Amino acid sequence: MGVISLLGVILLVLLVLVCGKSGLTIFFGLLLNFVLLFITVTLFGLGAPPVLTTILASAVILAVVVFFSAASNRVTRIAYVVSLGVMLILAGLAWLIQFFGNIQGFGNEVGEDIGGFSLLIGVSFGQIVVSILMLSALGAVAEASIAVTSGLFEVADQVPDITPAQLFKDGQEIGGKIIGTALNTLFFGFFGSYLALFIWFVQLQYAPGLLFNDKLFVSEAASVLLSTVGVVATVPLSTWVVSVTLQHEAAQAARKEDH
């Protein structure tokens with residue numbers, strides 16, 4: 001058994017021990033998303049438009065992430081709608097980042113590795129960058145939406161007469177903790193993934209200006225910042241949708257009592 005297979009088995013066992021039967025659902029959703037990502041990359045190679053393909057694939061991936069979680073039905077419905085809305089916003093921001101940042105293609109550090117290969121593969125590297133930025137933010141956005149939505153519904157269940165203003169305040173408090181955690185997770189994930197590259201930069205005595213303008217560094221930093229923007233945007237949007245949903249449910253309950 002290889003290392004990856006062993007880690008997968010350990011993950012499955014821990015999910016079942018901690019989450020019970022829902023752990024199997026979560027693990028199956030993870031495998032399904034891996035297959036979806038593989039299909040998406042394959043479609044890129046076959047000539048499908050990267051951005052449009054990514055938007056469609058992201059909608060399916062978000063559905064798997066959200067609906068295969070252990071949250072209740074009303075939480076998952078709202079989390080999915082909010083995640084889709086934020087994803088479309090991030091698509092526009094990703095295009096602007098790529099357009100003004102000019103971060104498509106490969107950096108100088110990988111020039112020797114790909115020097116013997118042809119880059120005329122018929123794929124727009126600019127659109128590929130937009131796709132990468134979008135896909136990198138999906139997990140953080142979905143996680144934030146589920147956390148905020150489930151937390152607010154829990155608050156509303158405990159305090160049925162809570163006002164919309166107080167609910168929004170509670171949502172901001174919950175979201176603030178999530179944003180701080182997500183930012184640290186994204187930052188240390190980025191730093192850990194490129195630790196060897198940073199050591200190389202130090203050994204090559206890169207000046208700070210050269211480092212902050214390096215294509216690899218800028219593209220990964222843009223990915224982290226865009227994911228953080230998505231998390232920050234998810235918090236007020238989730239809070240607003242939950243507030244509107246609770247007001248609608250209260251109005252329906254009042255009409256039923258009148259009848």
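Note that this is a predicted model, so its numbers are computed, not measured.
- Under the 4.5 Å side-chain criterion, counting only non-hydrogen atoms from C-beta, Glu173 is in contact with Asp170.
- Looking at Thr40, its side chain never comes within 3.5 Å of a backbone N or O of Ala57 through a donor-acceptor pair.
- Under the 3.5 Å distance criterion, the side-chain polar atoms of Tyr80 are left unmatched by any main-chain donor or acceptor of Val65.
- A distance-only check finds no donor-acceptor pair linking the side chain of Ser145 to the backbone of Val141 [under 3.5 Å].
- With contacts defined as side-chain heavy-atom distances shorter than 4.5 Å, the pair Leu62/Phe67 does not qualify.
- When hydrophobic clusters are built by joining Ile, Leu, Val, Met, Phe, Trp and Tyr residues whose side-chain heavy atoms come closer than 4.5 Å, directly or via intermediates, Leu225 is not grouped with Val231.
- The distance from atom CD1 of Ile97 to atom OG of Ser223, rounded to the nearest 0.5 Å, is 9.0 Å.
- Considering every non-hydrogen atom in both Gly230 and Val86, the closest pair reads O-CG1, 3.7 Å.
- The backbone N or O of Thr239 lies less than 3.5 Å from no partner atom in the side chain of Ser243, so there is not a single donor-acceptor pair.
- Annotation for Ala137 and Leu90: closest pair CB-CD1, 3.7 Å, computed over non-hydrogen atoms.
- Thr54 has its side chain within reach of Phe44: a pair of non-hydrogen atoms, C-beta onward, lies under 4.5 Å apart.
- Put simply, Leu56 and Ile132 are part of two different groups of oily side chains (I, L, V, M, F, W, Y) that touch within less than 4.5 Å, one to the next.
- Hydrophobic clustering places Val60 together with Val130 (ILVMFWY residues linked when any side-chain heavy atoms are closer than 4.5 Å, directly or through intermediates).
- Between Phe34 and Leu30, the closest side-chain pair of non-hydrogen atoms is not below 4.5 Å.
- In this structure, Ile10 is not a member of the same hydrophobic cluster as Val18, with clusters built from ILVMFWY side-chain heavy atoms closer than 4.5 Å.
- In the hydrophobic cluster analysis, where Ile, Leu, Val, Met, Phe, Trp and Tyr join through side-chain heavy atoms closer than 4.5 angstrom, Val35 is grouped together with Leu43.
- When side chains are defined from C-beta on, Leu15 does not count as touching Leu24, because their heavy atoms never get closer than 4.5 Å.
- In terms of heavy atoms, Ile174 sits closest to Ala147 at CG2-O, 4.5 Å.
- Looking at every heavy atom in both residues, Val66 comes nearest to Thr76 through CG1-O, 3.2 Å.
- Inter-residue side-chain proximity for Leu36 and Asn33 is flagged as met; some heavy-atom pair is nearer than 4.5 Å.
- Atom CZ of Arg77 is separated from atom OG1 of Thr149 by 12.0 Å, given to the nearest 0.5 angstrom.
- When every heavy atom of Leu138 is checked against every heavy atom of Ser58, the shortest pair comes out as CD1-OG, 3.6 Å.
- Rounded to the nearest 0.5 angstrom, Ile128 CD1 and Leu135 CG are separated by 9.5 Å.
- Leu96 CG to Leu133 CG: the interatomic distance, rounded to the nearest 0.5 Å, is 11.0 Å.
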Report the C-alpha distance between Val41 and Leu37 in whole Å, list the side-chain angles of each, state the deciding distance to 0.1 Å, and finish with yes or no for side-chain contact (heavy atoms from CB on, under 4.5 Å). CA-CA 6 Å; Val41 175; Leu37 286 173; 5.6 Å; no
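- The minimum heavy-atom distance between Val82 and Ser238, with the atom names listed, is CG1-OG, 3.3 Å.
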Criterion side-chain contact (heavy atoms from CB on, under 4.5 Å) on Met134 and Ile55, from CA distance to verdict: CA-CA 8 Å; Met134 291 174 58; Ile55 292 176; 3.6 Å; yes
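- Contact annotation: the side chain of Ile78 approaches that of Val242 to within less than 4.5 Å [non-hydrogen atoms, C-beta and beyond].
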